[in-house]
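Throughout, residue positions are numbered sequentially from 1 according to the sequence presented.
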Amino acid sequence: MDGRRPLPEDLVVDILLRLPVESLLRFKCVCKHWYALIKSPSYIEKHFHHKNNCARLLVCNLKVAREVDAVVRSVVFSLLPEEIVPGVTPEQKTLLQLPRVADFTCVAGPVDGLFLVQKKFYGDDVCLGLWNPATREFRALPPAPFEIEYFFSDHDHQFGLGFDLLTQDYKVVWIRVFWDEPGQGVYPRVYACVYSSCNNSWKHLTPEFPSSSTLSAPLDATYLNGVYYWLCRGLDEIYMIRSFDMRSEQFGEMQVPDIPSEHWGALTLRGNSLALLTGDPGKPMTSIYDVWVLKQEGNWSKVLTVQPHIDAHWPRNIWDNNKMVFEITETSQLVLYDPTTRQVTDLGFQLDLNIAGCWVFNYKESLAPIKRGNETQGEDNAIEQIEHFFYTIPMNEDLKYLE
């Protein structure tokens with residue numbers, strides 16, 4: 001301000017769009033107008049896609065410590081800087097640390113900066129929660145009303161997180177496969193439910209694909225333009241893609257490039273396109289990976305071939321369009337490989353691959369809200385809710401057995 005007149009509105013908005021979420025959360029207290037602006041859906045979308053909000057690597061590392069009579073697990077979410085200098089181990093920023101957590105099993109995402117976290121309880125049953133690391137907002141999802149026969153046993157499940165562009169609603173689709181004879185794998189049955197964050201409730205779906213198909217979890221959340229995608233492999237060892245439309249809540253399918261049956265494959269995003277990473281991982285110095293990008297439905301184009309000259313490894317994700325993140329089997333390191341320069345950069349993580357797990361995501365911070373309406377949540381309370389979610393045992397209500 002010049003002492004008499006305020007800055008032009010468009011200039012104020014442009015300045016605020018350039019700021020990180022942490023600053024904007026404080027600036028909501030400046031005045032009612034800024035509060036309304038920062039919480040508006042249009043501003044949230046513009047801020048997420050602004051050029052200053054760069055993607056960064058976020059690593060979830062499930063660590064293990066061995067004590068006298070037990071193995072104790074802890075979970076650490078760490079954020080790496082926007083620019084990773086080749087050959088220099090980057091500094092890590094801890095977003096969340098959960099020590100001595102026994103039930104953490106998986107994290108999926110991100111979609112608009114949101115993650116879906118999962119914990120296990122009572123054998124094979126799980127609880128889910130939505131989490132925004134930037135705003136530290138958290139919501140535990142209610143139990144999903146799966147109705148199954150009492151003699152069914154859990155075989156497999158997959159999740160999809162996305163946004164309904166019509167209703168402006170974040171949704172979670174949960175697919176579960178059960179065996180109808182415990183341990184026999186005879187006549188597997190597929191069930192699905194979809195969760196609405198606006199209604200904070202689930203409803204049943206009818207999956208229209210064979211129960212013999214195996215869905216694979218993607219490297220990143222493969223949500224794009226209202227649709228979520230999984231790579232699928234049938235009993236004939238042929239790959240294809242299954243999809244879920246967040247608006248119509250219908251399942252679909254799509255063909256993939258011709259992939260040799262003995263090759264490994266995984267979906268991810270490359271920029272604003274759906275990408276398929278294929279190859280023969282694990283072989284020291286000789287593994288070759290192809291990156292395919294979907295130009296339009298059914299039309300795939302190979303955009304990159306990488307042969308990393310590194311020790312035995314496993315691919316974790318694509319970074320910055322053409323770099324790749326690998327875990328090194330022998331040393332349990334996480335490294336970034338640049339195929340142009342063949343430079344290997346240690347990312348500074350020590351993994352325990354035999355017992356624990358590691359997830360690597362392309363992450364952009366977001367103001368996207370999880371709570372709706374009059375629901376509010378302070379930062380301290382949000383942390384308490386995450387801890388309560390992981391350190392308490394809920395009622396076993398997600399499975400309802402038919403009489």
Side-chain angles (χ1 to χ4, degrees), residues 55 57-62 80 84-90 106 108 214-222 229-234 236-241 255-271 273-294 300-362:
L57 284 176
L58 187 151
V59 178
C60 173
N61 190 11
L62 186 57
L80 301 186
I84 298 177
V85 180
V88 179
T89 300
C106 185
T214 301
L215 300 180
S216 300
L219 300 177
D220 261 331
T222 42
Y229 301 91
W230 300 269
L231 189 63
C232 175
R233 199 171 191 176
D236 54 6
E237 298 296 315
I238 296 177
Y239 283 107
M240 68 179 308
I241 288 177
Q255 300 301 313
V256 300
D258 187 17
I259 305 172
S261 60
E262 68 274 13
H263 276 202
W264 167 88
L267 286 180
T268 186
L269 294 181
R270 185 177 185 268
S273 299
L274 184 66
L276 175 62
L277 176 64
T278 67
D280 53 346
K283 301 178 181 178
M285 305 298 175
T286 61
S287 290
I288 298 177
Y289 301 93
D290 293 324
V291 179
W292 299 80
V293 168
L294 182 65
W300 294 85
S301 175
K302 187 191 295 185
V303 296
L304 184 67
T305 297
V306 179
Q307 183 176 357
H309 291 263
I310 58 177
D311 294 333
H313 58 273
W314 191 262
R316 280 301 180 181
N317 215 330
I318 299 172
W319 165 248
D320 195 22
N321 287 332
N322 64 348
K323 301 179 182 67
M324 292 183 65
V325 179
F326 294 102
E327 61 183 44
I328 305 300
T329 306
E330 185 175 351
T331 60
S332 299
Q333 292 173 282
L334 201 63
V335 302
L336 181 65
Y337 180 79
D338 187 337
T340 303
T341 63
R342 296 188 178 181
Q343 177 77 55
V344 178
T345 301
D346 182 6
L347 296 179
F349 295 88
Q350 194 66 31
L351 312 177
D352 193 331
L353 304 179
N354 293 324
I355 301 177
C358 176
W359 296 264
V360 180
F361 302 103
N362 288 273

Where [X] and [Y] come nearest, the two heavy atoms and their spacing:
X      : Y      : result
Pro339 : Lys323 : CD-CA, 4.1 Å
Leu334 : Cys358 : CD2-SG, 4.2 Å
Pro308 : Ser287 : CD-O, 3.4 Å
Leu231 : Leu267 : N-CD1, 3.4 Å
Ala55  : Trp319 : O-CH2, 3.1 Å
Asp311 : His313 : O-ND1, 2.8 Å

Give, for atom [atom1] of [X] and atom [atom2] of [Y], the distance between the pair rounded to the nearest 0.5 Å.
X      : Y      : atom1 : atom2 : value
Asn322 : Asp320 : CG    : CG    : 6.5 Å
Tyr239 : Thr278 : OH    : OG1   : 8.5 Å
Asn321 : Ser273 : CG    : OG    : 9.0 Å
Asp290 : His263 : CG    : NE2   : 8.0 Å
Leu80  : Thr345 : CG    : OG1   : 11.0 Å

**Asked** Would the Tyr337 and Tyr289 ring centres measure less than 6.0 Å apart?
**Response**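 No, the ring of Tyr337 stays outside the 6.0 Å limit from the ring of Tyr289, centre to centre.
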
**Request:** Could you walk me through whether Ile84 and Leu347 pass the side-chain contact (heavy atoms from CB on, under 4.5 Å) test, one step at a time?
**Result:** CA-CA 9 Å; Ile84 298 177; Leu347 296 179; 4.2 Å; yes

Quick one: are [X] and [Y] in side-chain contact, heavy atoms under 4.5 Å?
X      : Y      : value
Ile241 : Leu276 : no
Trp300 : Leu274 : yes
Leu336 : Met324 : no
Pro90  : Val85  : no
Thr305 : Ile288 : yes
Val303 : Arg270 : yes
Asn362 : Leu269 : no

**Message:** Would you say CD of Gln350 has more than 12 non-hydrogen atoms from neighbouring residues, nucleotides or ligands within 6.0 angstrom?
**Reply:** yes

**Message:** Does Cys106 form a side-chain contact (heavy atoms from CB on, under 4.5 Å) with Trp359? I'd like the steps, not just the answer.
**Reply:** CA-CA 9 Å; Cys106 185; Trp359 296 264; 4.3 Å; yes

**Message:** Run Trp292 and Ile259 through side-chain contact (heavy atoms from CB on, under 4.5 Å) and show every step you take.
**Reply:** CA-CA 11 Å; Trp292 299 80; Ile259 305 172; 5.7 Å; no

**Message:** Within the 3.5 Å criterion, strictly below it, is a donor on Asn317 or Thr268 matched to an acceptor on the partner's side chain?
**Reply:** yes

**Asked** Do Asp346 and Gln333 have a side chain donor and acceptor closer than 3.5 Å?
**Response** yes

**Message:** Arg316 and side chain to side chain contact (heavy atoms under 4.5 Å, CB included): which single residue from Leu219, Val325, Val335, Leu351 fits?
**Reply:**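 For Arg316, the side chain to side chain contact (heavy atoms under 4.5 Å, CB included) check succeeds only for Val325.
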
